[in-house]
Amino acid sequence: MERFKFLRFFSFRTQLDFLPSSNPVRENLINGANIDTNGEHRDGFFSNLVDGFLRRFKSGKKIDGGSKTEEEEKVYSWLYALARSEIYMAFEYVRSTERGLSFTEAEKRLKENGPNTPLEYTFPSSWHLLWSAFFHPFNIILIVLSALSYITSDNPNGCIMLILVFISVSLRFYQEYGSSKAAMQLSEYVRSPVKVQRCAGRVVQTELIVQVDQRDVVPGDIVIFEPGDLFPGDVRLLTSKHLVVSQSSLTGESWPTEKTADAREDRSTPLLELKNICFMGTNVVSGTGTGLVVSTGSKTYISAVFSTIGKHKPADSFEKGIRHISYVLVGVMLLVVTIMILVEYFTFYDLSESTLFGISVACALTPQMLPLIINTSLAKGALAMARERCIVKSLSAIRDMGSMDILCIDKTGTLTMNRAIMVNHLDSWGAPREKVLHFAFLNSYFKSDQKYPLDDAILAFVYTNGYRFQPSKWRKTDEIPFDFMRRRVSVILETESNPEGRNIQPFYRFIITKGALEDVLKVCSYVENVDMGEITAVSAEHHHRILNVVEELRNEGLRIIGVAIKNLQQTKISKQNMENEDDVESDMVFLGVIAFFDPPKDSAKEALWRLAEKGVKAKVLTGDSLSLAIKICKEVGIRTTHVTTGPELEQLNQEAFHEKVKKATVLARLTPSQKLRVVQSLQSVGNHVVGFLGDGINDSLALDAANVGISVDSAASVAKDLADIILLEKDLNVLVAGVEQGRLTFGNTMKYIKLSVIANLGSVISLFIVTLALRFEPLTPIQLLVQNFLYSVGQIAIPWDRMEEDYVKIPQKWSVKSLPMFILWNGPVCTLCDVATLLFVWFYYSSGGKLDESFFRSAYFIQGLLMQTLIFHLIRTEKIPFIMEIASWPVLASTVVISAIGTAIPFSIIGDFMGFTDLPLSYFGFLVVLFVGYFTVGQIVKRIYIMVYKKWL
């Protein structure tokens, strides 16, 4: 079902036709789009515009994640071409000028391109959703049989079947209606007023700054932005001043990135790392600038990568298997029922009675309780998971968790505590120095600006380790707060005692700076050599040594900040210069670094070990650095033999991509589209059932594509809407319980399917054989319907059955071979028992070669009901039933109650009304022998089947 209709991405032919045909820049632009990352010419879409046009009419290939979609290729090539070009050529490409568009031209383009929204949303009608929920083979069968039942005045049976259809359709409709609104959340990230530069006037054009709604922004507009503004489209920067942009909505990384209009990029730079391109949905953290809008609406990068959200997922193996069984049963039912009606008619020449008997046989053949059993099992699993503090939005996710064999997880907040802990304080030689910690502590203690987690970590380290730095002896006189351009914070402190040693002045004034290492080193001209007791100028050797020390720390997964100081008394900075940040933060002395670590959760290692025990392998998909991801994975026990990064995957061809994804356990620096491609590769090429745990907007693609999308309560609204399961706590142990519940649900559902197919097919075949042999109905329609009703009621307890320990240890998937083979091996045994009953009653109780119809129907009714009730205990386990493995008490109680009721009916008033007669005690002795023989033969056949299936099939 297509819930979202996305606008087609623009063709490069359309974007480039406005250039002069002889313009060499146009040719370079097209040719540049045809060069892949290895510099080889491609014969794909952009090498031939006509071929690209024809491709639109070709059937799509199976999505396996090995390569970008055609829409992504278009957007990538367009943005790379603009990033490589000069600013004046960017204006040419979008048919704009340095003054901006005129109001008339902007209005014209708005009509041509439509509103600037990332997707065109078409909410499916309730009738559409209802039809999708209703159109299931079993539902259709039950509706038809119900109608026929009403026609033949069998109202109770018709009413029961309609109730079952209503329950199934209602549950499916509710799930589809709730999940169909997910992609609308994306629009929240692009709705805001935008300042644009437009020109007005017929003779003399005047540049005007106007504010328009972001939906009215068109390609060619010049936008003016400042801190807090959202980019209304994909933008090529024209000017920039200290511009820092947050791309967390696309990358998941909380740390912002610097952008500059002066950069010239090439194809080797990852798209999201282009310095002169800003993307729709990202926002300005600090700085100002202007930009040229080059793409809007469905032609933007965010639309290209999120265009699959909300589209109906292809049916999994379980759903396909259910549908295949449905079609097989429909075919068998039509064939058998037609034959039964014809045999009945040509035997008794009563069309009405023959039709009613045929409908009864069809009801017996149809697994009427399948929708109810499946939904009850799933609802029971959802309630069990709710007790583990997680919300199940899609009931089918419970079943899929039972089949899940790969769990893709993000590092931050899932494997780790998502908080910083200080672990070391080192000088520039890599040796522990208390002085580094002392000044870092003073900076964190006295800064009045917002305290960040790193400040809390430093303070906690000092207090818990017994350091006494006496901050009361210091007084703050000024502060230079943190900003994202400088990436450091400085405080100016005074003290009466010189912390560096000699006291020769009444007070001492220091500036203490800490922040990102690279930015702290920029303002340092000196480095302190504690061993030699001197301060020396920073040389290339010093700089190289510091970077080596830091690289070793980062390879261990540690986060590093630098610490520097300067004695303001010695530098003799005037009050006038004190107001200049650049003068104050200069010629500083580099002291050392502070190292932090985001520790893994205590429960993470145990949970991953428990998941591995159950056959679920973990893969880490993160936007963080590779070294940090490897460090965490080693801590929690995930193998790091095979690792890769997003930029490395981008260089691989389709086959190499799939091979790398198959082997890698840690995949770092991934973009949203790369996470999606990894999930699709695992599903299609690896044939895995994939779960994905994510909480950001950048995870929404993978969440939507995964078989089981898992998010957390604190996640972005888009992620929660797309997730199938929401964890109220970031604890992987909850997923272990979910996997167990999923396999329990899957196993009990498969029990019912095997039971219903074997028992129903065996029963119908037996009816056919007995009808031909006796030349009368073995059961009247009402008797057959009552037997089927009692049998169906007894199956309601199946969702409360238990599974064997060995079963829940491995992922369970629908097997195309196992179910047909199971039926072929076990089905004939049921039919043989029915035939044995026929022969026993015929030879033992017939008189003069004639058999009393009422007597036979009573005997056949009890035998058939007991057989269908007891067969469940044989197929529910590979062990010996009632001896080595016993069903749960609800199943046992159901078996006893239904068997007792069925046995009592022929001896009751109801039995007289239905045409039954009393049976002698000898017949029940025969049933005991029959069922003992059935369980013995059935157990032998089952063991042979298991050995044959496991060894050869």
Side-chain angles (χ1 to χ4, degrees), residues 227 242 244 246 254-256 285-287 419-426 433-465 467-500 507-524 528 559-569 571 573 575 577-598:
H242 304 318
V244 178
S246 172
S254 58
W255 200 258
V285 175
S286 63
R419 61 185 177 89
I421 293 180
M422 182 182 158
V423 294
N424 222 329
H425 43 94
L426 309 174
R433 295 296 175 190
E434 185 176 314
K435 186 175 182 179
V436 178
L437 177 62
H438 185 187
F439 283 100
F441 166 80
L442 292 175
N443 180 289
S444 298
Y445 184 89
F446 282 102
K447 60 174 289 194
S448 57
D449 192 21
Q450 178 184 359
K451 282 186 167 53
Y452 293 95
L454 298 185
D455 295 307
D456 296 333
I458 292 173
L459 298 176
F461 183 86
V462 170
Y463 294 142
T464 56
N465 285 277
Y467 290 99
R468 299 183 180 275
F469 292 137
Q470 298 179 319
S472 59
K473 294 185 177 181
W474 294 80
R475 182 174 62 89
K476 186 176 80 170
T477 61
D478 206 348
E479 178 177 351
I480 305 175
F482 177 88
D483 65 63
F484 285 100
M485 275 304 301
R486 293 167 42 255
R487 297 199 301 171
R488 56 182 180 263
V489 57
S490 299
V491 293
I492 300 175
L493 306 179
E494 290 183 351
T495 181
E496 295 181 356
S497 60
N498 186 0
E500 296 181 328
F507 67 90
Y508 298 86
R509 180 178 297 171
F510 290 87
I511 177 172
I512 307 171
T513 300
K514 78 174 192 307
L517 178 71
E518 293 78 6
D519 293 276
V520 171
L521 284 175
K522 285 179 184 178
V523 298
C524 291
E528 184 176 54
R559 185 173 178 180
I560 305 301
I561 64 172
V563 181
I565 64 170
K566 181 168 68 170
N567 190 328
L568 297 181
Q569 235 84 17
T571 55
I573 294 180
K575 290 185 178 180
N577 288 337
M578 284 288 291
E579 299 176 359
N580 190 334
E581 296 177 2
D582 294 336
D583 289 339
V584 176
E585 292 181 330
S586 63
D587 297 329
M588 301 190 71
V589 179
F590 183 78
L591 294 183
V593 297
I594 303 292
F596 302 88
F597 183 52
D598 185 4

Query raised in the report: Between Lys514 and Asp455, does at least one N-O distance fall below 4.0 Å, as a salt bridge requires?
Result: yes

Requested in this report: For Glu585 and Ile511, work out which heavy atoms get closest and say how close.
Outcome: CG-CD1, 4.1 Å

Requested in this report: For Val593 and Leu517, run side-chain contact (heavy atoms from CB on, under 4.5 Å): C-alpha distance rounded to whole Å, both residues' side-chain angles, the deciding distance at 0.1 Å, then the answer.
Outcome: CA-CA 8 Å; Val593 297; Leu517 178 71; 3.8 Å; yes

Query - Considering all heavy atoms, the nearest Asn443-Val491 contact - result: CA-CG2, 3.8 Å

Query raised in the report: Taking side chain as C-beta onward, heavy atoms only, is Thr495 less than 4.5 Å from Arg509?
Result: no

Query raised in the report: Looking at CD1 of Ile480 and NZ of Lys447, how far apart are the two atoms once the value is rounded to the nearest 0.5 Å?
Result: 13.0 Å

Report task. Rounded to the nearest 0.5 Å, what's the gap from OG on Ser490 to CG on Asp478? Could you check? Result -> 10.0 Å

Query raised in the report: Would you say Lys566's side chain and Ser586's backbone share a donor-acceptor pair under 3.5 angstrom?
Result: yes

Requested in this report: Evaluate the criterion salt bridge (Lys or Arg N to Asp or Glu O under 4.0 Å) for residue pair Lys476 and Glu494; output intermediate values, then yes/no.
Outcome: CA-CA 6 Å; Lys476 186 176 80 170; Glu494 290 183 351; over 6 Å; no

Query - For Gly562 against Val520, the heavy-atom pair lying closest together - result: O-CG2, 3.8 Å

Query raised in the report: What closest approach, in Å, do Ala457 and Ala420 show between heavy atoms, and which atom pair accounts for it?
Result: CB-O, 3.5 Å

Requested in this report: Determine whether Leu426 and Val436 make a side-chain contact, defined as any pair of heavy atoms from C-beta on separated by less than 4.5 Å.
Outcome: no

Query raised in the report: Are the side chain of Thr477 and the backbone N or O of Ile492 linked by a donor-acceptor pair below 3.5 Å?
Result: yes

**Report entry** Phe596 side, atom CZ; Asn424 side, atom CG - distance, nearest 0.5 Å
**Finding:** 11.0 Å

Report task. Kindly give the heavy-atom pair with the smallest separation between Val589 and Cys524, and that separation in Å. Result -> C-SG, 4.3 Å

Query raised in the report: How many angstroms lie between CG in Asn567 and CG in Asp587, if you round to the nearest 0.5 Å?
Result: 13.0 Å

**Report entry** Non-hydrogen side-chain atoms of Leu437 and Val462 separated by less than 4.5 Å
**Finding:** yes

Report task. Decide side chain to side chain donor-acceptor pair (under 3.5 Å) for Ser448 and Glu479; before the verdict, give the C-alpha distance in whole Å, the side-chain angles of both, and the deciding distance to 0.1 Å. Result -> CA-CA 8 Å; Ser448 57; Glu479 178 177 351; 2.6 Å; yes

**Report entry** Flag, side chain of Asn465 to backbone of Phe461, donor-acceptor distance under 3.5 Å
**Finding:** yes

Query raised in the report: Residues in side chain to side chain donor-acceptor pair (under 3.5 Å) with Gln470, at least two apart?
Result: Lys473

Query raised in the report: When rounded to the nearest 0.5 angstrom, what distance separates CH2 in Trp474 from CZ in Phe446?
Result: 8.5 Å

Query - Residue list, salt bridge (charged side-chain N to carboxylate O under 4.0 Å, His left out) with Asp519, at least two apart or on another chain - result: Arg487, Lys522

**Report entry** Shortest non-hydrogen contact from Ile565 toward Leu591
**Finding:** CG2-CD1, 3.6 Å

**Report entry** Side-chain (His425) to main-chain (Arg433) donor-acceptor, under 3.5 angstrom
**Finding:** yes

Report task. Measure the CG-CG distance between Leu442 and Leu493 for me, rounded to the nearest 0.5 Å. Result -> 6.0 Å

Report task. Run the numbers on Leu568 and Phe510 for side-chain contact (heavy atoms from CB on, under 4.5 Å), then give the verdict. Result -> CA-CA 5 Å; Leu568 297 181; Phe510 290 87; over 6 Å; no

Report task. Measure up the Phe441 and Tyr445 rings against each other and bin them: parallel (under 30°), tilted (30 to 60°), perpendicular (over 60°). Result -> tilted

